[in-house]
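Since the structure comes first, as structure tokens, the remarks are kept for the end.
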Amino acid sequence: MATNSTRPFGKTADGQPVTEYTLTNKNGVSLSVINYGGIITRLVTPDRSGVQEDIVLGYDSLAGYLKTTPYFGAIVGRYGNRIANGKFTLDGQTYSLAQNNNGQHLHGGVKGFDKVFWNIQEAGRGKLKLTYLSKDMEEGYPGNLNVEVTYELTDDNELKIAYTATTDKKTVVNLTHHSYFNLTGNVKRDILDHEAALYSDKFVPVTKVLIPTGELKDVAGTPFDFRKATAIGLRTNDKDQQLEFAGGYDHCWVLSSSDSIKHAATVYEPASGRVLDVYTTEPGIQFYCGNFLDGSITGKRGVVYKHRFGFCLETEHFPDSPNQKSFPSTELKPGEVYKTYTTYKFSVR
Ligand code: GLA
């Protein structure tokens, strides 16, 4: 059975206290979360000899998270990933969002769900329930959106995330989680030796500003073929237009569009033996390899986060879905319940 504990995690500039909640399971695996951004600040798992180390990037204290952070560990919404030109239309009405990334809208805007206070309740041993009310027109999105995210740490070393949302006006929703993993333990080096498998035949090609072209492309014969586990660094510097546009892997892979939970990815780190498996009900998974990390951030334990020191596996709908009629829909209407599940499972080989 997991145990729960809390500790103060500093105060925001306007004096609001932040609390860190820690869940620990019977194997000593632990997960820490703060009520600011719903951020996972620490995730400690054993290597193959049982050494417990932190496998996510982040900061030692709140101050780092309050500065501009590249979404370390956060809940991302109302729309995770990009919306072209920050515009979309619902029932003939055009909505304008912040153009906070190369003229495009990214990760919910200037003050997305990664920068708001979540109400956290302990929902039994090993389980936290986070809730947030995103008001009508917050960051330009229509509808009062009631969001609930639960984090559950099981004794099988799984982090189970469930996302629920309801609205009182038609809107778009695409929630995801933005942990940067580094399975070496306490971030010893970059992630290029990690071996990744993505159980997907197709990916979503993008333009120079990382907006989907609208097609879904076969991975066969491209550096995007991860159907067999391959070292992340093997092809990331290949001469390939898609890799050049994104500076490496920063793309959405297509999963089956069925609502059932499916195995999306496995990442293995040969030196520590750590394995991360991802399962999701979502139709896509964004695999981002820390191409924008450049050594300007010093994180936990004084480690400098250089180029490709972490990877994200963001389970989600495809980028720019509100403007791409052929993509699975991200619309949510009053009376409907948005519900998605993602499991990150930790093991060793
Ligand atoms: C996502 C995006 C990336 C980048 C990171 C944050 O993964 O796809 O392009 O914006 O978030 O730096």
Side-chain angles (χ1 to χ4, degrees), residues 37-40 56-59 64-65 67-86 97-115 139 174-182 190-191 194 196 198 200 203-213 224 226 232 236 241-254 264-265 267 276 278 280 282-297 299 305-322 324 327 330 342 344:
I39 293 170
I40 294 186
V56 292
L57 273 52
Y59 299 98
Y65 293 104
K67 283 195 244 143
T68 325
T69 108
Y71 308 91
F72 285 149
I75 297 173
V76 175
R78 188 179 295 200
Y79 196 96
N81 217 314
R82 294 174 177 78
I83 296 179
N85 307 309
L97 310 168
Q99 298 177 347
N100 55 332
N101 188 264
N102 270 326
Q104 317 306 311
H105 180 76
L106 177 69
H107 291 340
V110 177
K111 191 176 178 190
F113 292 0
D114 57 298
K115 294 181 191 71
E139 289 293 322
N174 189 27
L175 304 177
T176 192
H177 174 67
H178 213 296
S179 273
Y180 287 65
F181 297 97
N182 182 316
D190 66 35
I191 48 105
H194 288 51
L198 299 170
S200 160
F203 75 104
V204 181
V206 291
T207 65
K208 268 191 192 132
V209 290
L210 308 189
I211 293 295
T213 60
F224 292 82
F226 280 96
I232 294 173
T236 188
Q241 195 191 46
Q242 284 296 312
L243 291 174
E244 280 160 18
F245 284 173
Y249 297 111
D250 189 359
H251 295 78
C252 190
W253 270 255
V254 177
V267 183
L276 167 62
V278 184
T280 188
E282 291 279 23
I285 187 164
Q286 181 87 7
F287 182 46
Y288 167 61
C289 290
N291 308 314
F292 299 125
L293 296 175
D294 60 5
S296 58
I297 291 175
Y305 296 149
K306 298 189 200 136
H307 197 212
R308 300 182 177 144
F309 259 48
F311 67 91
C312 303
L313 285 167
E314 303 156 60
T315 55
E316 60 191 20
H317 272 251
F318 309 160
D320 199 32
S321 297
Q324 304 266 356
F327 289 177
T330 49
T342 293
Y344 295 93

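This structure is a prediction, so every number in the text was calculated from the model and none was measured. As the structure lists them, so they are numbered: ligands from 1, and atoms in each ligand from 1. The basis for the numbers below is simple: all heavy atoms, side chains too, and nothing from hydrogens, waters or symmetry mates.
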Run the side chain to side chain contact (heavy atoms under 4.5 Å, CB included) test against Ala265 and tell me which residues pass, sequence neighbours left out.
Leu198, Val278, Ile285, Leu313
Which residues pass the ring-ring contact (aromatic ring centres under 6.0 Å, His included) test with Phe245, not counting sequence neighbours?
none
Applying ring-ring contact (aromatic ring centres under 6.0 Å, His included), run through Phe181 and Tyr344 and close with a yes or a no.
CA-CA 11 Å; Phe181 297 97; Tyr344 295 93; 5.5 Å; yes
Tell me if a side-chain donor or acceptor on Glu316 pairs with a main-chain N or O of Gly284 at a distance below 3.5 Å.
no
What does the 4.0 Å heavy-atom contact list look like for ligand 1?
Pro70, Tyr71, Arg82, Leu106, His107, His178, Tyr180, Asp250, Gln286, Tyr288, Phe292, Glu314
For Tyr59, which residues count as a ring-ring contact (aromatic ring centres under 6.0 Å, His included) partner, sequence neighbours excluded?
Tyr65, Phe72
Report the residue from Phe311, Phe226, Phe292 that forms a ring pair (Phe, Tyr, Trp, His ring centres under 6.0 Å) with Tyr249.
Phe226
